[in-house]
Structures are given as C-alpha cells and as structure tokens.
Amino acid sequence: MAQVYGRVALIGLGLIASSMFWAMKRGGVAGEVTGYARSEATRETARRIGLCDRVFDSAEEAVEGADLVVLCVPVGAMGPVAEAIAPHLKPGATVIDVGSVKQSVIDAVGPHIPEGVHFVPTHPMAGTEHSGPESGFAELFDNRWCLVVPGDADEAAVAAVEAYWQALGANTERMEVGHHDLVCAVVSHVPHLIAYTMVGVADDLRRVSDQEVIKFSAAGFRDFTRIAASDPTMWRDVFLSNKDAALEILGRFTEELFALQRAIRTGDGDLLFDYFTHTRAIRRGIVQAGQDTDKPDFGRIGGRA
Ligand code: NAP
C-alpha cells in the first residue's frame with residue numbers, strides 16, 4: 001500500500017492513536033510516526049512497546065515537521081492541545097482530530113489553526129471498552145466507517161485525509177457537523193448512557209440479590225457491562241460537549257420507554273411483539289451491512305468484541 005504522508009504526529013497515545021499507529025505500520029501509510037502523551041507513564045509504555053518511531057516529551061516537539069498531526073485526546077482536551085502546538089505546525093500541514101463529537105471540537109480547535117494549515121475533523125466509528133497505549137490493534141478500523149466533517153476545508157487536503165483513513169482500513173463518508181453529532185448521539189452516545197444506567201440499576205439490585213447479577217449476567221446484562229466499562233473521562237467529555245443532541249435523543253428514548261411500559265402494564269402483547277419484530281429487522285440489517293457478525297453470543301466467544 002502506498003505511503004500517504006511523510007511524517008505523522010500522534011498527540012495522545014491511547015486506544016485510537018495506538019490502533020492508528022499499528023494500522024499505519026501494517027500498511028506502510030506513513031514514513032515516520034512521532035508521538036506524545038501527557039503522562040510520563042504513558043510515554044514510557046509507548047517507548048517500551050515500540051509505539052511510535054520516536055516519542056517526545058512535549059507535543060510541540062512531536063509536531064515539528066509533521067505533514068499530518070492527529071489529535072487523539074479526550075474531546076475536552078482538544079482545544080488546549082491545539083493551542084499549544086499551533087505555533088509549531090509546519091506550513092501546509094494538515095491537522096485532524098478523532099473526537100467523538102464534532103461541533104465542540106471545531107469550536108475549540110478551529111480558532112487555533114494557523115493560516116496555511118488545514119484542519120479536517122474526523123471520527124472513526126470504531127472502538128472497544130479498553131483504553132491506553134497497550135489497548136490498540138491494527139485491525140480496529142478494518143471495514144468500519146470513519147466520518148469526515150470537512151466544512152470548507154481545502155479539497156485536496158480532505159481527499160488526502162480520506163485516502164489516509166482508507167489506507168488504515170476504514171470506509172469514509174463525509175457528513176455535515178450537526179448531522180454527525182445527532183447520528184452519533186443515536187448510534188453511540190445515548191446507548192452508552194443507557195448501558196451505564198442499566199449497570200447502575202443492577203448494582204443497586206445486587207444489594208438485594210447478592211451475586212446473582214454477576215452469576216447470570218450472560219442473559220443480556222453482560223453486554224451492558226462491557227459498554228459501561230468504557231473510559232469515564234472520554235464519556236464525560238462526550239456528554240458535556242454533545243449536550244443538545246444527547247438530550248434530544250434521550251427525550252425520544254424516554255417517550256418510547258413509557259410507551260413500552262404502558263404496553264406491559266395494559267397487557268398489550270401485540271404492541272410488544274410488533275416493536276420487537278421491527279427491532280430484530282434492524283439488527284439483521286446491521287449484520288447484512290457487515291458491521292457485526294450473526295454468530296450467537298454476539299460473536300464474542302473466544303474473540304475480540
Ligand atoms: P484513551 O485510550 O483514554 O487515550 C487518551 C489519550 O489522551 C492518552 O494518551 C491520555 O494521556 C491523553 N489525555 C487525556 N487527557 C488529556 C489532557 N487533558 N490533555 C492532554 N492529553 C490528555 O482514549 P481513546 O479511546 O484513544 O480516545 C481518544 C479520542 O478518540 C477521544 O476524543 C474519543 O472521543 C475518540 N474516540 C474514541 C473511541 C473509543 O471507542 N474509545 C472511538 C472513536 C473516537 P495519558 O495516557 O498520559 O493520561
């Protein structure tokens with residue numbers, strides 16, 4: 001596979017950055033990859049496991065001479081990081097971020113991008129409940145979607161960013177920023193909140209039913225616990241920065257929940273059956289689109305989620 005950028009700088013060395021690094025190495029996508037993480041512990045780990053060709057003790061040094069700079073920190077940290085690196089960006093370079101929310105990142109990062117540097121917001125729709133420099137793997141983005149929110153960015157720079165994500169294994173699609181934040185509230189953000197809530201409810205119940213919640217968790221609860229194990233910093237930032245879309249979808253969710261609650265109370269089996277039939281068809285559509293496996297146990301026996 002062809003090299004897309006000469007030098008790539010990864011700022012933040014967690015799940016997404018480390019997966020990008022291994023995918024870049026797999027495909028020969030970059031000439032050299034430099035990296036920076038906030039804590040000495042993460043930088044040490046990165047050096048030990050060979051994550052990045054060179055790891056620097058400051059973000060400013062890491063971005064020096066980079067053709068592509070990738071911001072891989074929690075959404076709430078994007079602005080301060082962009083401000084710190086801005087004077088050190090190479091003219092003509094491209095900055096992308098991988099944040100799960102786009103409007104707040106554009107607002108926080110955009111004003112710091114110097115004249116002559118391109119900013120192309122992106123969001124890989126792939127992840128696991130693990131975080132940190134040792135959690136990444138080269139296949140994370142394979143056949144997943146990476147949403148690109150170009151706004152009025154330079155077309156050649158946007159096309160190069162798309163080629164880059166495709167070289168990492170992803171499919172790309174362009175999206176308008178408001179639409180992105182709403183879609184992600186539906187498919188990712190609110191489902192996480194529901195999982196966090198369900199695990200919280202079960203935790204309360206555990207005080208009554210002792211270990212039963214854990215013992216019988218394969219009955220469905222286990223899948224909530226996997227999602228609810230996701231990084232607290234990342235998800236706090238997601239909800240704080242995608243407030244409007246998350247509240248909009250939560251409102252709709254609550255209405256549906258009340259409708260189902262009423263059907264249970266009134267014994268409306270037809271409503272429940274029709275509802276569950278419809279949702280089952282949506283699941284089949286996801287499997288047919290190659291976004292999950294139809295193996296039983298959610299394809300997770302002995303494999304990676
Ligand atoms: P992660 O594994 O927790 O890694 C986060 C990295 O950011 C770490 O290197 C951490 O440094 C650094 N960091 C944390 N707070 C910081 C701050 N205040 N200032 C500077 N650096 C800071 O996170 P991730 O899962 O890779 O997520 C990174 C980004 O990708 C987030 O914006 C998230 O929204 C987005 N994203 C995540 C997923 C997912 O499923 N995980 C999917 C798509 C997009 P230390 O290690 O030194 O603390």
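No hydrogens, no waters, no symmetry mates; every other heavy atom, side chains included, goes into these values. Residues take their numbers from the sequence shown, with the count starting at 1. One-based numbering, in listed order, for ligands and for the atoms of each.
The protein heavy atom nearest to atom 22 (C) of ligand 1 is R38 NE, 3.7 Å. For atom 42 (C) of ligand 1, the closest heavy atom belonging to the protein is A126 O, 3.1 Å. At the shortest separation from atom 43 (C) of ligand 1 among protein heavy atoms lies P124 O, 3.2 Å. Nearest to atom 3 (O) of ligand 1 among the protein's heavy atoms is S131 CB, 3.6 Å. Taking atom 31 (C) of ligand 1 as the reference point, the nearest protein heavy-atom neighbour is V73 O, 3.3 Å.
Note on E248 versus R252: salt bridge recorded, some NZ/NE/NH1/NH2 to OD/OE distance being below 4.0 Å. Under 4.0 Å is where a charged nitrogen must lie from a carboxylate oxygen, and between D57 and R47 at least one such pair does. A salt bridge is defined here as a Lys NZ or Arg NE, NH1 or NH2 lying under 4.0 Å from an Asp or Glu carboxylate O, and E129 with R222 fails to meet this definition.
Remark: T197 OG1 to F253 CZ distance equals 8.0 Å, nearest 0.5 Å.
Taking each of G127, S230, G99, S241 in turn, the one with a heavy atom nearest to atom 40 (O) of ligand 1 proves to be G127. Of the candidates A77, G14, G35, the one placing a heavy atom closest to atom 18 (N) of ligand 1 is A77. Selection from C184, P74, P133 by nearest heavy atom to atom 14 (C) of ligand 1 gives P74. Counting heavy atoms only, I16 comes closest to atom 27 (O) of ligand 1 of the residues L13, L15, I16, V98.
E176 places a side-chain N or O within donor-acceptor distance of the main-chain N or O of H179, the cut-off being under 3.5 Å. A donor-acceptor contact shorter than 3.5 Å links the side chain of N242 to the backbone of D181.
Within ligand 1, counting atoms from 1 as listed, the ones closer than 4.0 Å to a heavy atom of C72 are 5 (C), 6 (C), 7 (O), 28 (C). Interface atoms of ligand 1 facing G12, defined by a heavy-atom separation under 4.0 Å, are 9 (O). Close contacts of ligand 1 with V75, meaning ligand atoms under 4.0 Å from a residue heavy atom, involve 32 (O), 34 (O). With ligand atoms numbered from 1 in the order given, ligand 1 contributes 45 (P), 46 (O), 47 (O) to contacts under 4.0 Å with heavy atoms of T42.
By the 4.0 Å heavy-atom criterion, M78 is counted among the residues contacting ligand 1.
Looking at every heavy atom in both residues, G79 comes nearest to V109 through N-CG2, 4.3 Å.
In terms of polar-atom proximity, defined here as any N/O pair under 3.5 Å, H123 makes no such contact with ligand 1. Between S100 and ligand 1, at least one pair of N/O atoms sits closer than 3.5 Å.
Within the 4.5 Å cutoff, no side-chain heavy atoms of R283 are placed close to those of T279.
For R262, the CZ atom sits in a loose shell: 12 or fewer heavy atoms of surrounding residues, nucleotides or ligands are nearer than 6.0 Å.
No side-chain donor from either of E134 and S18 sits under 3.5 Å from a side-chain acceptor of the other.
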